[in-house]
*Asks:* 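Take this structure first; my questions come after.
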Amino acid sequence: MQWKRITAVTATVMLTAVACGSPSASNKPGGSTGGDAGEAQVKATDPTAKGPAAEIEGAKKGGTIQILSDVTPDTFDPTNIYYTDGNQIAKLYMRALTQYRLDPKTQKPTLVPDLAEDLGTKSADGLTWTFKLKQGIKYDDGTPVKAADYAYAIKRSFAHDLYDAGPTYQQQFFLDGDKYKGPYAAGGDNYAGVSTPDESTLVIKLAKKFDDLPFYAAFPMFTPIPQAADTKKEYELKPKSTGPYKLASLTPGSELKLVKNENWDPNTDPVRHQYVDGFNFKFAQDTIKVQRQVLASSGVDANALNYSNLDASLLNEVKDQAQIIKGTGPCTITWPMDSRKIPLEVRKLIAKGYPIEDWRKVAGLTPDVAIPASTYLPPAVPGYEKYEIPGLTGTGKGAADPAVADEIKAKLKELGKENFELSWYYSNDDPIATQVNQLRTQTYEKAGFKVKAIGVPKAKIRTLVGNQDAPVNMGKTPAGWCSDWPAGTSWLPVLYKSDAIALGNSQGQLQDTKLDAEIDRVAALTPDEQVKEWSKVDKMIMTDHLPSVPLYYSASAMPVGKNIGGAVNDPTQGLPEFTSLYLKQP
């Protein structure tokens, strides 16, 4: 999943490298957190969920909400949407086969059917998936949605020469996905990977097993598109709406206006609401200016929100914490250690010595936007369960405490590893990265390590740290990971199996056949069964391997106007859940 933007802290301090992933990586990077990661989730899916969505207590109808954004979505074409804000905005006017519903009490996400009646049924060999489609669904112009429209949308996603920013799992997993070039190519109408035997059935054939397909089906790519309405690159200007809102106008790069879709049937939708009359999005705004407007909430600005984390310079201007939308996000940031080059006992000492408290200050992080991590799975992923291993995870001064430094130095001597060399790259033309490097260097040298910090320009660092065989033993990417969808299969198999090295995704370059087998065992279970097992695997990796030092979970702290109700964080995106918003005084 791609971030709405890559923040300066992530890009420089964490040596770039926050990737999003599932069976393959796609590089690029939000209820109150108060620094608390939340509790474990017990259920990943609910295939029986029906509409309408449960009413939000106190919600009123009417009025227009203003979204004042300092960033600009790159596209509104459903096939091309991959950035988190594009996904969240599309949820207002596009429905897909599946979708995530937030628990009203815990705000944990559960996958539910959306335009499909179910979460799909797979064949015995796992290579054919059948989705039953809801009947009576209409587009915003009143015309009926046809089964063929779903098939066409999937075919359209293979035209990657035209839609080059969207997700690409279909090319990797769908039948002939590496050969089929979409409906515009010669013979493009004929694609064996998708079919519609009747108006209530969609069949997807795979080249190899892809048990996370129901999660993938929540992307806007799986919204129905009638072939006759497809205007290619112009389609985003007037897309067919199936959600509670529809496009009134779009000025790319500047403004988007949504109004009510009168042909949306709430009885078929288990996720969305239609409380306000419309949304006005204004993009490319000045961050400080609009965030200050939202906090002041004067006049129409009381009906506005901004979906970037509050700038640190405005923290003192927050008079009411209820004006900050807080919650967890889909990422965990770490400091990786090459297990091929650093023995486990030394990795444990590196983790024990990490100066987390001082590092957070230098990096400008607060618990509201960076929750201290003690696991690899983040709270937003079903299967997360909070645990802490003393001396390895959590908070602390590390070797910035002279007593800890002396203890580590003595242990290195006992292991015969005195002056063990730690090496990493850092951006020598970035002031924050330079300060972080100075802190790490001084701290680890006091603890008895030899440090070789290699300064390089920011323009080169991604390439250097992205090399799994780079001549350093610390800080290779991915230093962080974000979910393309909330499932443990988008994390532990991708990062910690032996084949992750060749795929360029390995965090810590682990090679352990026993761990590989355990990961495969859990991945073969149903999603709800996996929830009970992934935390055990997470702890096994932390205890027996420690491939990286967990630093923090991404989190949200976004300003919202005083007149807006229902403002909660969607942990699958780290953004406000737009479909739950209403105005207290319409």
*Asks:* For Tyr387, is the NZ or CZ atom of Lys539 found under 6.0 angstrom from the centre of its six-membered ring and inside 45 degrees of the ring axis?
*Replies:* yes
*Asks:* So, Glu385 side chain and Ser535 main chain: donor-acceptor pair closer than 3.5 Å or not?
*Replies:* no
*Asks:* What verdict does the ring pair (Phe, Tyr, Trp, His ring centres under 6.0 Å) test give for Tyr191 and Phe174, after you've listed the backbone C-alpha separation in whole Å, the side-chain angles of each residue and the deciding distance to 0.1 Å?
*Replies:* CA-CA 11 Å; Tyr191 172 52; Phe174 286 26; 7.6 Å; no
*Asks:* Find out whether Pro431 and Thr434 are in side-chain contact, i.e. whether some heavy atom of one side chain is under 4.5 Å from a heavy atom of the other.
*Replies:*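 Of all side-chain heavy-atom pairs linking Thr434 with Pro431, none is under 4.5 Å.
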*Asks:* So, does Glu529 use its side chain to make a donor-acceptor pair with the main chain of Thr526 at under 3.5 Å?
*Replies:*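 Looks like yes, one N/O pair under 3.5 Å.
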*Asks:* How about Lys460: does its NZ atom have over 12 heavy atoms from other parts shown lying under 6.0 Å from it?
*Replies:* no
*Asks:* If I compare all heavy atoms of Val531 with all of Ala44, which pair ends up nearest, and what's the gap?
*Replies:*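 So the two residues come closest at CG2-CB, 3.8 Å.
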*Asks:* If you take all heavy atoms of Ile408 and Lys352, which pair is closest and at what distance?
*Replies:*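 Minimum heavy-atom contact is CD1-C, 4.2 Å.
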*Asks:* Would Gln438 and Thr441 count as having a side-chain donor-acceptor pair, cut-off 3.5 Å?
*Replies:* no
*Asks:* If you look at every heavy atom in Thr332 and Thr375, which pair is closest and at what distance?
*Replies:* CG2-O, 3.8 Å
*Asks:* Taking Asn309 for the side chain and Ala555 for the main chain, is one N or O donor matched with an acceptor at less than 3.5 Å?
*Replies:*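 Here the side-chain-to-backbone pair exists.
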*Asks:* With a sphere of 6.0 Å drawn around NZ of Lys497, does it hold more than 12 non-hydrogen atoms of other residues, nucleotides or ligands?
*Replies:*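 Buried by this count: over 12 neighbours within 6.0 Å.
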*Asks:* Do Gln509 and Ser339 meet the criterion of a side-chain donor-acceptor pair at a distance under 3.5 Å?
*Replies:*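 There is no such pair between these side chains.
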*Asks:* For the OG1 atom of Thr334 and the OH atom of Tyr552, what is their distance to the nearest 0.5 Å?
*Replies:* 10.5 Å
*Asks:* Checking Lys108 against Leu102 for the side chain to side chain contact (heavy atoms under 4.5 Å, CB included) test, could you report, in this order, the C-alpha distance in whole Å, the side-chain angles of both residues, the deciding distance, and whether it holds?
*Replies:* CA-CA 5 Å; Lys108 297 289 186 181; Leu102 302 186; over 6 Å; no
*Asks:* Tell me if a side-chain donor or acceptor on Asp516 pairs with a main-chain N or O of Ser498 at a distance below 3.5 Å.
*Replies:*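 Flag set: sc Asp516 to bb Ser498 pair under 3.5 Å.
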*Asks:* Taking the side chain as everything from C-beta on, heavy atoms only, tell me whether Lys417 gets closer than 4.5 Å to Pro343.
*Replies:* yes
*Asks:* Can you name the closest pair of heavy atoms from Tyr376 and Pro547 and give their distance?
*Replies:*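 Closest approach of Tyr376 to Pro547: OH-CD, 3.2 Å.
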*Asks:* Any luck finding a side-chain donor-acceptor pair between Thr75 and Asp77 under 3.5 Å?
*Replies:* no
*Asks:* Please determine if Asp512 and Lys514 form a salt bridge, counting it only when a charged side-chain N lies under 4.0 Å from a carboxylate O.
*Replies:* no
*Asks:* Are the side chains of Ile204 and Phe210 in contact, using a 4.5 Å heavy-atom criterion?
*Replies:* no
*Asks:* Work out which heavy atom in Ala380 is nearest to a heavy atom in Pro486; give both atom names and the distance.
*Replies:* O-CB, 3.7 Å
*Asks:* Is it true that Lys536 and Glu518 make a salt bridge, defined as a side-chain N closer than 4.0 Å to a carboxylate O?
*Replies:* no
*Asks:* Looking at Lys205 and Leu127, would you say the former's side chain and the latter's main chain have a donor-acceptor pair under 3.5 Å?
*Replies:* no
*Asks:* Working to the nearest 0.5 Å, report the span between NE2 of His545 and CE of Met337.
*Replies:*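 One gets 12.5 Å once the value is rounded to the nearest 0.5 Å.
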*Asks:* Under a 3.5 Å distance rule, please check whether Asp103 uses its side chain to pair with a backbone N or O of Thr106 as donor and acceptor.
*Replies:* yes
*Asks:* Would you tell me whether Thr98 and Asp114 have side-chain atoms, one donor and one acceptor, within less than 3.5 Å of each other?
*Replies:* no
*Asks:* Please report the interatomic distance CG(Leu515) to OH(Tyr496), rounded to the nearest 0.5 Å.
*Replies:*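 Atom-to-atom, Leu515:CG and Tyr496:OH are 10.0 Å apart.
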*Asks:* So Tyr82 and Met221, do their side chains get closer than 4.5 Å, heavy atoms only?
*Replies:*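 When only atoms from C-beta onward are counted, Tyr82 and Met221 do not touch, as no gap falls below 4.5 Å.
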*Asks:* For the CZ atom of Phe449 and the CD atom of Glu421, what is their distance to the nearest 0.5 Å?
*Replies:* 12.0 Å
*Asks:* Any side-chain to backbone donor/acceptor pair from Ser427 onto Asp430? Under 3.5 Å, distance only.
*Replies:*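 The answer is no, because no donor-acceptor pair under 3.5 Å joins these two groups.
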*Asks:* Under a plain distance cut-off of 3.5 Å, with no hydrogens placed, do Asn437 and Trp424 share a side-chain donor-acceptor pair?
*Replies:* yes
*Asks:* Between Tyr354 and Arg440, is there a side-chain donor-acceptor contact under 3.5 Å, judged purely by atom types and distance?
*Replies:* yes
*Asks:* Do Asn569 and Glu577 have side chains that get closer than 4.5 Å, going by heavy atoms?
*Replies:*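 A side-chain contact is absent here, since even the closest heavy-atom pair is not under 4.5 Å.
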*Asks:* Determine the minimum heavy-atom distance between Asp211 and Ala523, stating which atoms define it.
*Replies:* OD2-O, 4.5 Å
*Asks:* What verdict does the ring pair (Phe, Tyr, Trp, His ring centres under 6.0 Å) test give for Phe219 and Tyr169, after you've listed the backbone C-alpha separation in whole Å, the side-chain angles of each residue and the deciding distance to 0.1 Å?
*Replies:* CA-CA 11 Å; Phe219 272 100; Tyr169 295 103; 7.3 Å; no
*Asks:* Under a 3.5 Å threshold, yes or no: a donor from one side chain and an acceptor from the other, between Asp85 and Tyr307?
*Replies:*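 Their side chains do contain a donor-acceptor pair, which is all the 3.5 Å distance test asks for.
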*Asks:* In terms of side-chain heavy atoms, does Asp125 have a donor or acceptor partner in Ser123 at a distance below 3.5 Å?
*Replies:* yes
*Asks:* Is it true that a side-chain atom of Asn473 and a backbone atom of Ile342 form a donor plus acceptor pair closer than 3.5 Å?
*Replies:*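 Looks like no, no N/O pair under 3.5 Å.
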*Asks:* Please tell me whether Thr110 and Arg101 have a donor and an acceptor in their side chains that are separated by less than 3.5 angstrom.
*Replies:*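 Absent: no donor and acceptor within the cut-off.
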*Asks:* Answer yes or no for Lys450 and Phe420: cation-pi contact, defined as NZ/CZ to six-membered ring centre under 6.0 Å and angle to ring axis within 45°.
*Replies:* no
*Asks:* Decide side chain to side chain donor-acceptor pair (under 3.5 Å) for Thr572 and Trp485; before the verdict, give the C-alpha distance in whole Å, the side-chain angles of both, and the deciding distance to 0.1 Å.
*Replies:* CA-CA 7 Å; Thr572 67; Trp485 47 80; over 6 Å; no
*Asks:* Tyr384 vs Tyr553 aromatic rings, parallel, tilted or perpendicular, using cut-offs 30° and 60°?
*Replies:*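 Perpendicular, since the angle between the ring planes exceeds 60°.
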*Asks:* Between CG of Asp164 and CG of Asn80, what distance do you get to the nearest 0.5 Å?
*Replies:* 6.0 Å
*Asks:* Can you tell me if Lys476 uses its side chain to pair, donor with acceptor, with the backbone of Val472 under 3.5 Å?
*Replies:* yes
*Asks:* Under 4.5 Å between any side-chain heavy atoms of Asp570 and Pro576, yes or no?
*Replies:* no
*Asks:* Working to the nearest 0.5 angstrom, can you tell me the gap between Leu97 CG and Trp129 CH2?
*Replies:* 12.0 Å
*Asks:* Answer yes when Lys458 and Asp429 have at least one side-chain N-carboxylate O distance shorter than 4.0 Å, and no when they do not.
*Replies:* no
*Asks:* Check whether any side-chain N or O of Ser548 sits under 3.5 Å from a backbone N or O of Pro336 as a donor-acceptor pair, and report yes or no.
*Replies:*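 Answer holds: no.
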*Asks:* Aromatic rings Tyr216 and Phe222: how do their planes relate, parallel, tilted or perpendicular, breaks at 30° and 60°?
*Replies:*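 Rings of Tyr216 and Phe222: perpendicular, as their planes differ by over 60°.
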